[in-house]
Visitor: 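Here it is: the structure, laid out below.
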2 protein chains.
Amino acid sequence: MLTKEEWMEEVKAILANEYHHRHPFQIQLQEGKLNKAQIQAWALNRYFYQSHIPVKDAIIISRLSDPQLRVQWRKRLEHHDGTDNSVGGVQNWLNLTRALGFPDEYVTSGIGVLPATRFSVQAYVQFCKEKSVLEAVASSLTEIGARSLIETRTAGMLEHYDFIDKKSLQYFFERLKQNDGKSTGVMEYLVKTVKTPQQVTQVLDSVVFKCQVLWAQSDALYSAYVNPGILPYGAYDPIVQLGSAYKLADGIVLEKDACRIQGPEKAFSLNPTAFQFINSLSHRKPLECLIAESIAEHPQQSSQVQQDLMKLCRDLLEKGIIAPCN
Amino acid sequence: MLTKEEWMEEVKAILANEYHHRHPFQIQLQEGKLNKAQIQAWALNRYFYQSHIPVKDAIIISRLSDPQLRVQWRKRLEHHDGTDNSVGGVQNWLNLTRALGFPDEYVTSGIGVLPATRFSVQAYVQFCKEKSVLEAVASSLTEIGARSLIETRTAGMLEHYDFIDKKSLQYFFERLKQNDGKSTGVMEYLVKTVKTPQQVTQVLDSVVFKCQVLWAQSDALYSAYVNPGILPYGAYDPIVQLGSAYKLADGIVLEKDACRIQGPEKAFSLNPTAFQFINSLSHRKPLECLIAESIAEHPQQSSQVQQDLMKLCRDLLEKGIIAPCN
């Protein structure tokens, strides 16, 4: 039906309008207009997306009946999950989240990820399971737009943010080596496979769908962390920083015997969890250490413990009962 | 493990924080602060959610091995899909979209629905397929919060919007008859079924998940149509009203022989679709009639035709080439 060049033209026409390089969140990210907390939220949420890419690729491999195509697609697993001689993209992404102050365990737990991120990533995985193999393969064609977006983004981030260095952007530099922006393998597959106008529509609709998956993630980040800043319940809240130590705010005293805190005007009694947490603050350890200690006591419920303590910390901060140590 | 009363208390504690009655979109809706276009977007998107409720209920029925429970759950199918003697909720929802000026075909086609709406609804359907039956059943417990939200919303909408009357809100009035806010059947199921603390957590997490599904839909509406108003590509655009007729803007002339339009300063040549569309405007028919006529010519591609013509109309409006009649 279409030649490689014609496919390229059709795909680029869609990407020009619908790819997330046009989203305000991405533009502000590369122009240095976001703050560290907003970039943290992006990196955290995008880890969730990133970590599901090899999952969807394995699904695609499982559906390819041609061994040669499976071998070809296996490259993508290697890119994301690594080999004996190379670190994969999912691991490399943690360089970024580490530079932004997140413990790996928090990032990989998925706690704090926006529900809309999860829903769109799941929609993508589901798409690759349930649609035709042609559509599943074609949905990867957004990578044609990725190359120039990565170039602009890395240059902009290095220029504008002092907490970003080349190592933290390792993921992207590796991607530039892996992705030449031509999707040659997929293009050859399309030229060989697509025989009907209906299939042409399916391929292009898959690209549109994938653009929606990416755009929805930027939308959710923008809405929660930039404007209007409506934070869904349980999502990562930049007020609570895992790397920070907290202390009782000025004028607040912990009365250990009475299990309560006394403020300048009134007293609060504490439940056992809150008491233990506030009591542990005297060691001035970063929040992540306190969480790790609690998890060691309740290893069965690690994600619940983490979520509860972060929420508790947030509540105490908002009520002015605790404050960050410098 | 827990009594009915204890379950009720636990569920209500979650809903108090996480149910979408606290979302700014819902609050502004009931307080009369949204405009008609924003309410159109809500009704259109929520139809997509609504129309998948009987799908997820059928999935749950298919997974229940107890015939009595299946019979009990079948009531939900009747509520949404109707019986010989009663109109179902999905049909009733169309009273609202009709009152807002949408043709039924547009609403039921799913065209214009926000991708984030689709992703969250699909996540809900998927949840009911893949999680345990207990979790699938428990996810319906958000209905405990629905009753008072519906009461506030219907009263507010009737008070504040002159394009809303009781008939258009029929869906909600029927829901009030069906849902007493107690979820008695589900509660009895929980009391009988739940035996371990792990199951308690599963039930409560299912309620949290369902709150996220609803909240994400309000988030997406708010972000696209209220603030910041970033409209995802292809989503319903209130600029283009299906019930409106359009005409060439003042000073614009269609030169039929040359297949172009001549403006005060410059001329545009038209592709065949644009030419045919602009030519058909002289009949002053509402856009939906023009779309129906085009679909009659290309019945195989009805949703593509609809989407293309709405996009064309939008582009022409934005360029000032056409304008609404009156």
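Numbered from 1 within each chain, the chains take letters A, B, ... in sequence-line order. Predicted model, so just to flag it, every value in this text is computed and none were measured.
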Visitor: Rounded to the nearest 0.5 Å, what separates atom OG1 in A:Thr152 from atom CD in A:Glu31?
Guide: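 With rounding to 0.5 Å, OG1 (A:Thr152) is 10.5 Å from CD (A:Glu31).
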Visitor: Which residue out of B:Cys211, B:Ala116, B:Ser120 racks up the most heavy-atom pairs below 4.5 Å with chain A?
Guide: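 Result: the option with the highest number of such pairs is B:Ser120.
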Visitor: I'd like to know if the side chain of A:Glu318 reaches the main chain of A:Asp315, judged simply by a donor and an acceptor atom lying under 3.5 Å from each other, with no hydrogens or angles considered.
Guide: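 No: the side chain of A:Glu318 does not pair with the backbone of A:Asp315.
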Visitor: Has A:Ser109 got a side-chain atom pairing as donor or acceptor with A:Tyr106's backbone, closer than 3.5 angstrom?
Guide: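 Answer holds: yes.
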Visitor: Measure A:Gln126 against the heavy atoms of chain B and call it side chain, backbone, both or neither at under 4.5 Å.
Guide: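 A:Gln126 touches chain B through side-chain heavy atoms alone.
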Visitor: Is there a donor-acceptor pair under 3.5 Å between the side chain of B:Gln26 and the backbone N or O of B:His23?
Guide: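 No, because the side chain of B:Gln26 does not come within donor-acceptor range (under 3.5 Å) of the backbone of B:His23.
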Visitor: Does anything in residues 217-226 of chain B reach chain A? List residues with heavy atoms under 4.5 Å apart, or say none.
Guide: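 At a heavy-atom separation under 4.5 Å, chain A is reached by B:Asp219, B:Tyr222, B:Ser223.
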Visitor: So, taking the atom named CZ in A:Phe25 and the one named CG in A:Leu34, what distance separates them when rounded to the nearest 0.5 Å?
Guide: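 The CG atom of A:Leu34 is 5.0 Å from CZ of A:Phe25, to the nearest 0.5 Å.
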Visitor: Atom CD of residue position B:Gln202 - does it have more than 12 heavy atoms of other residues, nucleotides or ligands inside 6.0 Å?
Guide: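 Yes, CD of B:Gln202 has more than 12 neighbouring heavy atoms, counting only those of other groups under 6.0 Å.
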Visitor: Between atom CD of A:Gln276 and atom CG of A:Leu270, what is the distance when rounded to the nearest 0.5 Å?
Guide: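 Going from CD on A:Gln276 over to CG on A:Leu270, the span is 12.0 Å.
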Visitor: Please report the interatomic distance CD(B:Glu9) to CG(B:Leu2), rounded to the nearest 0.5 Å.
Guide: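 Going from CD on B:Glu9 over to CG on B:Leu2, the span is 9.5 Å.
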Visitor: Please list, in residue-number order, every residue in residues 129-149 of chain B that has a heavy atom less than 4.5 Å from any heavy atom of chain A; write 'none' if there are none.
Guide: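 The list, in residue order, reads B:Lys129, B:Glu130.
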Visitor: Non-hydrogen atoms of chain B under 4.5 Å away: do they reach the side chain of A:Val213, the backbone, both or neither?
Guide: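 Contact with chain B is through both the backbone and side chain of A:Val213.
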Visitor: Taking the six-membered ring for Trp and the single ring otherwise, decide whether the centroids of A:His21 and A:Tyr19 are under 6.0 Å apart.
Guide: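 Between A:His21 and A:Tyr19, the centre distance is under 6.0 Å.
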Visitor: Between A:Arg118 and A:Phe48 (side chain of the first, backbone of the second, donor and acceptor by atom type, cut-off under 3.5 Å), is there such a pair?
Guide: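 Not at all, since once roles are kept as given, no pair shorter than 3.5 Å links the two residues.
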Visitor: Shorter than 4.5 Å, heavy atoms on both sides: which option in A:Gln198, A:Gln122, A:Gln212 has the most such pairs with chain B?
Guide: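 The option with the most such pairs is A:Gln212.
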Visitor: Is there a donor-acceptor pair under 3.5 Å between the side chain of A:Gln38 and the backbone N or O of A:Asn35?
Guide: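 Side chain of A:Gln38 to backbone of A:Asn35, a donor-acceptor pair under 3.5 Å: yes, one is there.
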